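Contents: one structure, followed by commentary.
Please read all numbers here as calculations on a predicted model, not as lab measurements. In what follows, every chain begins at residue 1, and chains take the letters A, B, ... in the order their sequences are listed.
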Amino acid sequence: MEEHLSLANYLSSLNEPQRQAVLHQQGPLMIIAGAGSGKTRALTYRIAYLIQQGVDPFNILALTFTNKAAREMRQRIEQILGGSVQRLWMGTFHSIFARILRTEASLLGYTSEFTIYDTEDSKSLLKSVIHEMELDDRIYKVNTVFARISAAKNRLISWQSYLSNPSFLKEDEESAKPKLGEIYKNYVQRCFKANAMDFDDLLFNVNVLFRDHPEVLKKYQTRFEHLLIDEFQDTNLAQYLATRSLAALHQNICVVGDDAQSIYAFRGADIRNILNFAKDYPQATVIRLEQNYRSTKRIVAVANKVIAHNKYQLPKTVWTANEEGEPIEIIRAATDIDEGRLIASSIFELKMRYQAHNRDFAVLYRTHAQSRVFEEALRRLNINYRVYGGLSFYQRKEIKDLIAYFRFTINQQDEEAFRRIVNLPRRGIGESTVQKILLAAAENNVSIGEVIAQPEYFLGKSRINAAITDFAEMIKDFAKVMQQKNAYETALYIAKNSGLLRELYEDKTIEGRVRYENVHELLNAIKEFVDDSQQEDKSLAAFLHQVALLTSTDENDKENTDVVSLMTIHQAKGLEFNFVYIVGMEEGIFPSSMISTQAEMEEERRLFYVAITRAAKRLTISYALQRYRYGELEPSEPSSFLEEIDYRHVRMGRVNQVGFIDKQRLVQHPTVESDSPKLLSKDFAEKTNVPKNLISPPTSVYIHKPSAHFVASDLSKLKEGMRVEHLRFGFGTVVSVDLKSSERRAVIHFDQVGEKTLLLNFAKLMIIE
DNA sequence: AATTTGTGTATTTTT
DNA sequence: TACACAAATT
């Protein structure tokens, strides 16, 4: 255990502006914190200092954007103060606002047990709404409609004001989607009926609460003497106005941010919030943290030069006293597959040269889809890695299913939960019966729970009523158990008696086993929750409140923590690595081809800035000259951002070139000089007339979806007797392979699964000799 | 009802 | 390409 240091000792480790930020007394304060300038340190010390000065933690509210940031900050404060600060309200905007809304729910017509719909629930409900309105779901695409509604809520535009605003209506008319406003209205009303809020509602409804109930606002205003907001540049209007209301009484609002790292405009973040803070609070103190403690001089210089191309930003000069460091390396690869190989071998080399750990390395890319080639290349070199993102544990189907049982038991108006579980396992209650139940609930203005309790009264006589009654009785039983038992006992009871666990147990396929284990993992998590002495409320509802706002990045780290991190640049924000690789620096990828406006281009550039400034010791940037896109090998060109780099700090790294630089001809007539022709794919060979003998047999098959179906990309590789290892599900021997007519799918018989056949559909298989 | 084949669509970032 | 979903087929 580290020896406990006094706050004074901590303070002496700060530089002058940091100390000013910590010691600032009353009134609004804005801390403009350049990348790597110790912003989190300043913020945590400030909170610790306030508490040490006698401010009750109960009167402090600290808001972050991620659970992880909140958790880490709390830990550091506790470390400094040498004790727990339970009473301190520190959390994400969403979790803190949810807490406030649960307390005040009745004022807005919800119960305090309202459900939080995640994006999947929201989109599913939206889909039902669009269908029921008999609209064409090819015109009203769920994703587009959802994005529109979300944007409206983030800008605090209610459905009422949306429908009464001629310019919105005109805009929708022109984009051939005149019913958008109506959909918005119906969606909101359905959520309300389900006693549910989506993520955006948590922000929106707090504003409604504060606007319509001044006495409630007053209560929180009085309570929160100090308000601190991290990553202020990422706040949207709803977040901004809510916090401004909260701070209006004491005016002790401290915001920390860096306009140069604002990268979330696409989900409503408004950079003007930070640019205009000084205008909103004329008496605000502004402190700049400009000394970077993280990166080498060269990395800082390159980052500064890149961001200087942006027009809209607060003036500041980030500098560092760190060593000069190595030049930034730029690697050009022939294809994306080669790029993966080059990066992996570079990691291998640097590990040796610097005696570094895997965890010192990060590969950063623009989109999740780019991770694949790096995964493979790292696997080939036996370097452990972890891909961040993708489905979080709590988004897996089997987990959501069980949680839906919990949700519906708690909130019997929860339409989406009901839909998930009513026929799972099969009870003979099909889609049409579900529709009737929902309709009856809406028409009679009662909850789903009430309808299924008396099916004959609400739905009339039907042979299905018996099944409905059985289901209703089961839920009633669950509710009773929930009243008496803690979260773990209740969850176990529900898992067993719902039939869910049995169904999964009976599924003997490999994935079925994984699902069964996942459910047990969930039950374990609930057990840990119950056993946690810090946790006062041990009900299942309390557990659900906690997990509703978790994301994939919040998960407990796996046993093996010494891994190379593969993640999007967005996910890397706030992190730091000694060795950073920014990969796929190609026009159309980064900057993305999806952007059109100048403002978006500036945000894209800030994203590049964020990526560069993650690196402490060494930065490598790579791009490929050809890349597989939608199955075709296409020429690719270096990103225009590369032109903005200060080349005095650059060393051109290994160039892996195939044939000519002329891109047109490259695709047609490459001369293979690559030292490992086995990395070329069959497609590539066919397209480019590479002699067949240069292509060694493939060694691996990809499978993407580790669910009900496996897929093999090149099924001809799979032969009888072959031992096959799966990344996640262990291995087995292929007994036989039946190719289907499409030749893209096949049924593979494995020894371990016995007679059961699996449809292979592109998972991660490795063929062992 | 379960399995197989066909089709459409998205390829930007996420609390 | 590659995945989800719908439709067709057993």
Between [options], which one does the side chain of [X] approach most closely?
| X | options | result |
| --- | --- | --- |
| R267(A) | dA10(B), dT14(B), dA2(C) | dT14(B) |
| T66(A) | dT15(B), dT13(B), dA2(B) | dT15(B) |
| H94(A) | dT12(B), dT14(B), dT15(B) | dT15(B) |
| S592(A) | dT12(B), dT13(B), dA2(B) | dT12(B) |
| M594(A) | dT12(B), dT13(B), dT15(B) | dT12(B) |

Can you sort out the partners of [X] under salt bridge (Lys or Arg N to Asp or Glu O under 4.0 Å), two or more places apart, ordered by chain and number?
| X | value |
| --- | --- |
| R99(A) | none |
| R148(A) | E171(A), D172(A) |
| D121(A) | K400(A), R407(A) |

Under 4.0 angstrom between [X] side-chain N/O and [N] OP1 or OP2:
| X | N | result |
| --- | --- | --- |
| Q571(A) | dT14(B) | yes |
| H368(A) | dT14(B) | yes |
| K141(A) | dA10(B) | yes |
| T119(A) | dT14(B) | no |

* Residues that E132(A) engages under side chain to side chain contact (heavy atoms under 4.5 Å, CB included), provided they are two or more places apart ->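 Only S128(A), R190(A), R419(A), Q435(A) meet the side chain to side chain contact (heavy atoms under 4.5 Å, CB included) criterion with E132(A).
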* Asked: In dot-bracket form, how is DNA chain B paired, counting a Watson-Crick or G-U wobble pair only if both its distances are under 3.5 Å and using | for bases paired to another strand?
  -> ||||||||||.....
* To do: Assign the ring pair F641(A) / F590(A) to parallel, tilted or perpendicular, where the plane angle (0 to 90°) is split at 30° and 60°.
  =>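 The rings of F641(A) and F590(A) stand perpendicular, inter-plane angle above 60°.
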* Spacing between Y609(A) atom OH and dT13(B) atom P, to the nearest angstrom ->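 Value for this atom pair: 24 Å.
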* Inspect the contact between K39(A) and D230(A) and indicate whether a charged nitrogen and a carboxylate oxygen are less than 4.0 angstrom apart. =>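 Yes, charged N to carboxylate O under 4.0 Å.
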* Excluding sequence neighbours, so at least two apart, what forms ring pair (Phe, Tyr, Trp, His ring centres under 6.0 Å) with F543(A)? ->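 Partners of F543(A) under the ring pair (Phe, Tyr, Trp, His ring centres under 6.0 Å) test: F529(A).
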* Asked: When you match N143(A) and F199(A) each to their closest nucleotide on DNA chain B, which lands nearer the 5' end?
  ->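 Result: N143(A).
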* Would you say whether F93(A) stacks on dT15(B)? The test is a distance between ring centres of less than 5.5 Å and an angle between planes of less than 30°. =>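 Not stacked: fails the 5.5 Å / 30° test.
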